[in-house]
Amino acid sequence: MWPVFAVHMTSAKTYPERRNLLTGLAVAAILLGIAYLSSFMLEDRSLTLSLGLGLVTGFVFQRGRFCFYCNLADYLDKRETAGLLSIIIALASGAVLYVLIFSAWLPNPAWPNLPPTAHIGPVGPTLFLAAVVFGAGMALSRSCLSAHFYRLGEGAFSSLFAITGAGLGFIAGFRTWNGLYTWSVFDDPPLWLPHLAGYVPALALTGAALLALAFFIQRNARKTEASTRPAPSGLAALFTGRWPAAVTGILVGVISAASYLRIAPLGVTAEVGSLARMTGQSLGIVTDTLQGLDTLRGCISALRDTVFSRNGLFVLGLIGGSFSAALASGQFQPQRPTLRKALLNLSGGILLGWGAMTALGCTIGVLLSGIQAGAVSGWIFLAGSIAGVLILRRVQALFTILRP
Amino acid sequence: MAISRIIRASVAALALVASTVTAFASDFLVSAEWAQKNLADPKVRFFEVSVDNGAYERGHIPGAVKLSWHTDLVDTQSRDIISREAFEKKLREAGVGDDTTIILYGDNNNWFAAWGAWVFETYGLGQRVKLLDGGRKLWETQGLPLDTNAADYADTVIKLPERDASVRARLIDVLSVVEGKNQAKLIDIRSPDEYEGKIFAPEGVKELSVRAGHIPGAINVPWGKIVREDGTFKPVDEIKALYAEKGIDGSLPIITYCRIGERSSHSWFALKKLLNYDVRNYDGSWTEYGNAVGVPVVNVAGTVWTGK
């Protein structure tokens, strides 16, 4: 049987203690209360919704360990497939829900019509290069950007170095953007599968590709033995081990579609990019004019003059949601980063930042939101980032200093 | 059963009559209440003209059709109003017939909806076009229903006349006023800082001119003076008095302008449709005039363009 419904006990050392469970649930209740109260203070109701969605996303990411790199590494190192299956299920369920939304908003998907704000990015050499660099950054810092955020909620303070590095990488990305834009991005078409023959064939194509991917990884899977320990019951079951791949995957698909329906496609880099752009401009190292950037589809780093942005609140919520889930499941383990880990994360973060800026998003914004939307750019990012991971792991095999 | 249905229908009909009679002093504004009652009327077509991409799709007034400001109302090659053929096609697809009442609304204080009303006016549809007072913001504040399905209507065969130039001012018309060859009142509806030349344009906008200040003789009446806090227009008498205070009483033709011509459509709408004055909108506005070579400019602040 495919491990899509299995609860994984391997990562949990113990069942959650009652005390942990209660603390975590209390924190979750407080955070939800703050989100509710914010609706009375924030004029724009989408801000409250962003915060709420962030909380739910962080909670689900933590409980399902929805981390692109960790799941890929589990497969490469141990031939464990549950994590990758949860990603594939998230892509598939989100793709179905996206089509439901698209067909209401844009009944005729003929070229050149495109659904509003969906992450259908320009496809070309720049995107692939950016994805490879992003993949290398994942392997070096051992997480993608969204996972660095949710791991922060688990007490992995070394992720702060990766996020800082990403900010620097963004600034580097802004500096190289204008050259790349005129060299390639301007001519790169936003390829969208429904342009071929409509929504249903596009969905069938996406489904077939995902199924093929699932078969491929499952063929190489290590046979897992069923856990001999008795499964916990009641509330504790939600906070023991990690959620089954099917549960996590479907929830992520629903969250992603809900976010697109009400606010914008899911993404975690817009706020980091926006802060980096403002900092860079005030230091005079980022030019005021970034050609064409604000007209493209993706996690665009728009300048803003408000304290709270939708994406900023979403990311804060994500960290908070993960924190409460980690507390409840006894997985909140504050760690003091070693110098080596800090440096690896900082340099990996720079690669993540450059890649995410240049690709107009990361594993969430381009890969997840893109593939779900039927965008070819999502698939290119998937291929490029896996290539980047494999390349850097080869390099790590040669130079021990780069190993974690 | 049948009786209760008759009673309900007659109550609804009475309410409708009452609301149309008492609703508004102007024939060219409708309230959210009126809009709600006329959502299902096939002779009424709502159009949303919003700037925020995705606003329409994530929820619009049920049955409303989207008009994209950057592609459906302008020519995308030359800087001009959309061509008659293209606009005709758009209206046919939206099911606008010869007796359809057109209601426009949008985000950003109805600026772009008012711009839309001006475009409809140039194609001779002015008498059938009304603005939803307060626009999208008021509709949302009141928590009224929104729909996410794209509306689809049977095509019509409406024919549009050639464009009517009488509500549009061109650079040459403005210059003839500046040079005293023609008499008209110029109204600059931008902020006082832009008018005085302290700044070239509001922060963050892309369309600029390389000179600061205003057109000689123009009177500064910022657009926001004629609306209430909630975005609805002030009563007609108040608007009339406010302009009269500035010496604008309709005795002379009026030309409104702003930076790119869309905010000034909002003031154009008030002056033309609510006060019934002779008004033209100068859609070239400051981005054309302030970039034109050799034209007189008043720059009170004396700000010099340095390319930065």
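What you see is a predicted model, and the numbers here were worked out from it, not measured in a lab. Numbered from 1 within each chain, the chains take letters A, B, ... in sequence-line order.
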Side chain / backbone / both / neither for I263(A) at chain B, heavy atoms under 4.5 Å
backbone

A356(A) to L145(A) - nearest heavy-atom pair and separation
CB-CD1, 4.2 Å

Pairs flagged by salt bridge (Lys or Arg N to Asp or Glu O under 4.0 Å) wherever residues 175-194 of chain A is involved - sequence neighbours left out:
none

ring-ring contact (aromatic ring centres under 6.0 Å, His included) pairs touching residues 271-291 of chain A, sequence neighbours excluded, are none

Spacing of CZ belonging to F47(B) relative to CG belonging to L73(B), to within rounding of 0.5 Å:
10.0 Å

Interatomic distance, L39(B) atom CG to I61(B) atom CD1 [nearest 0.5 angstrom]
7.0 Å

Below 3.5 Å only, please: all the donor-acceptor pairs between chain A and chain B, one per line.
residue	atom	partner	partner atom	Å
A104(A)	O	A150(B)	N	2.7
W105(A)	NE1	E57(B)	O	2.9
W105(A)	NE1	T148(B)	O	3.2
T117(A)	OG1	R58(B)	NH2	2.7
Y260(A)	O	R58(B)	NE	2.8
Y260(A)	O	R58(B)	NH2	3.1
I263(A)	O	R58(B)	NE	3.2
I263(A)	O	R58(B)	NH1	3.3

The side-chain contact (heavy atoms from CB on, under 4.5 Å) partners of I120(A) (sequence neighbours excluded) come to L114(A), P115(A), A118(A), P190(A), W192(A), A375(A)

